[in-house]
Protein chains: 2
Amino acid sequence: MAQRTREDALSRERIVEAAVELLDAAGERGLTFRTLTERLATGPGAIYWHVANKAELLDAATDSLISDALAVDPTGSPEEEIRVLALGLFEAIARHPWLSTQLAVQLSRSPWGSVTPRIFESIGQRVSALGVPEATWFTATSALAHYIFGAAGQNAANVRVLDGVDRAEFLHAAASAWEDLDSGEFPFMKSIAGQVREHDDREQFLTGIDLILTGITAQGRD
Amino acid sequence: MAQRTREDALSRERIVEAAVELLDAAGERGLTFRTLTERLATGPGAIYWHVANKAELLDAATDSLISDALAVDPTGSPEEEIRVLALGLFEAIARHPWLSTQLAVQLSRSPWGSVTPRIFESIGQRVSALGVPEATWFTATSALAHYIFGAAGQNAANVRVLDGVDRAEFLHAAASAWEDLDSGEFPFMKSIAGQVREHDDREQFLTGIDLILTGITAQGRD
DNA sequence: ACCTGAACACCGTTCAAGT
DNA sequence: ACCTGAACACCGTTCAAGT
């Protein structure tokens, strides 16, 4: 193979970039060392020169996207900044659905590795500015963070399923399926089926954030 | 190989049981068709006769454990039952840390597959008994469910890391590491480091549940 | 210092053959 | 109907060899 020129030289950045593209295009199954070397026109050894292993590559891809979402300019009330932050993470995960699984895997591998502390720090700074007792900060931050990633993951999963399907049609079919459920076994799912038909994902997500914010300030008062 | 007797005959149940044992012993990496066939003294073909593929096997293993945790006898206030339910799931995930990753994967594969609706149903039934407006049910249930799985996953990850390590010693070291953090970059993590040193995992988890319950009833009132 | 590419160990899955 | 076990395609990773 010809000598690489300065322009198409490999680098950790270019590898991570290509990995993100493959993940976006075909999910976690779309990223293998075969597809990656093909796209970068190189061999596995070249990639291992820049990156220790696949786990590190996935971590780097996750890190770069989460960092972008965490960069919120401080121009609002703590509540407002929390909403902006939450929505930014929600949308990053909607755009890159594989982030959801990847964050869970990364968390299980090293709970207080590089991503989690940065997320907690970012949310926690705003929580501590809410004026609630310091003893409640960690629980409050934790409730927000877990809700954000859980709800965003659920949404991302829906987005994946909806890929190429008409959204309204799908929701209608899903809601109808729930309404037809055995009311002995699934009375709750049956009762909320109607709401599903015409809800707005972002709006519903933010309603959840507000619910938790209400809990934080209410609990902070007793 | 000798003919199987009635006693050691293979069955879907026995296979799932063995899979859970392998996952408990060595995490998701511990379960392969090689280790599974070895433990069951059989060949891969025999397993594929009872189970479609590895994903279905993992789903079945997850299902069986989550079902147990969802079986709460209805002898309390909705709030109390929600706490029992939440703690049951928390402890199931602490005992089987691989459940956390597995639930995320399963969610991403089929968001409204078999597990999610049962969890939402179980929590949702109690939420609807709280006496808050029906319009808030879904968001409230969603906030609870995502917090439970997120916090339980975080805890499970900690449990994994703590395996074989002295808990108090580890927490002390971790807290000290945070206190030493650059206060310019991680002021929040630094400020809560002290709390980490002597918190009780279950107690802190339930405080989060109560925070969300407070939010649900407070928001339901306006 | 950086890259090549063949080779290795291991994985999930298939399937013709047995009982 | 249920099981056996060799074989297949594919995966992440290594490493001697090149420039």
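Chain identifiers are assigned alphabetically (A, B, ...) following the order of the sequence lines, protein sequences preceding nucleic acid strands; residue numbering begins at 1 within each chain. Hydrogens, waters and symmetry mates are skipped; everything else that's a heavy atom, side chains included, is used.
With rounding to whole Å, L36(B) atom CG is found 18 Å from dC10(C) atom P. Nucleotide dT4(C) holds its P atom 10 Å from the CD1 atom of I47(A), rounded to whole Å.
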Show every donor-acceptor pair shorter than 3.5 Å between a side-chain atom in residues 85-99 of chain B and any protein atom, with sequence neighbours excluded, or say none if there are none.
residue	atom	partner	partner atom	Å
E91(B)	OE2	R202(B)	NE	2.6
H96(B)	ND1	D24(B)	OD1	2.7
H96(B)	ND1	D24(B)	OD2	3.0
W98(B)	NE1	D24(B)	OD1	2.7

Could you list the donor-acceptor pairs under 3.5 angstrom formed between side-chain atoms of residues 45-53 of chain A and any protein atom two or more places apart in sequence or on another chain?
residue	atom	partner	partner atom	Å
N53(A)	OD1	A55(A)	N	3.3
N53(A)	OD1	E56(A)	N	2.9

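Using a 4.0 Å cut-off, some side-chain N or O of H50(A) falls inside it from OP1 or OP2 of dC3(C). Applying the 4.0 Å criterion to OP1 and OP2 of dC2(D), one finds that W49(B) has a side-chain N or O inside that range.
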* Structure fact -> Given Watson-Crick and G-U pairs under 3.5 Å, DNA chain D in dot-bracket ([ ] crossing, | other strand) is ||.|||||...|||||.||

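Judged as a side-chain contact (heavy atoms from CB on, under 4.5 Å), and not counting sequence neighbours, the contacts of S67(A) are R118(A). Annotation: salt bridge (Lys or Arg N to Asp or Glu O under 4.0 Å) contacts of E17(A) (sequence neighbours excluded): none.
Among residue pairs with one or both ends in residues 164-174 of chain A, those qualifying as salt bridge (Lys or Arg N to Asp or Glu O under 4.0 Å) are R167(A)-D201(A); sequence neighbours excluded. Note on residues 140-191 of chain A: pairs passing ring-ring contact (aromatic ring centres under 6.0 Å, His included), not counting sequence neighbours, are Y147(A)-F205(A), W178(A)-W112(B). Residue pairs meeting the salt bridge (Lys or Arg N to Asp or Glu O under 4.0 Å) criterion with at least one member in residues 39-55 of chain B, sequence neighbours excluded, are E21(B)-R39(B).
Judged purely by atom type and a 3.5 angstrom limit, T37(B) uses its side chain to pair as donor or acceptor with the backbone of R34(B).
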Collect all protein-nucleotide pairs involving nucleotides 12-14 of chain C in which both atoms are nitrogen or oxygen and the distance is under 3.5 Å.
residue	atom	partner	partner atom	Å
dG12(C)	OP1	K54(B)	NZ	2.5
dG12(C)	OP2	F33(B)	N	2.8
dG12(C)	N7	R34(B)	NH1	2.9
dG12(C)	O6	R34(B)	NH2	3.1
dT13(C)	OP2	Y48(B)	OH	2.7
dT13(C)	OP2	K54(B)	N	2.9
dT13(C)	O5'	Y48(B)	OH	2.8

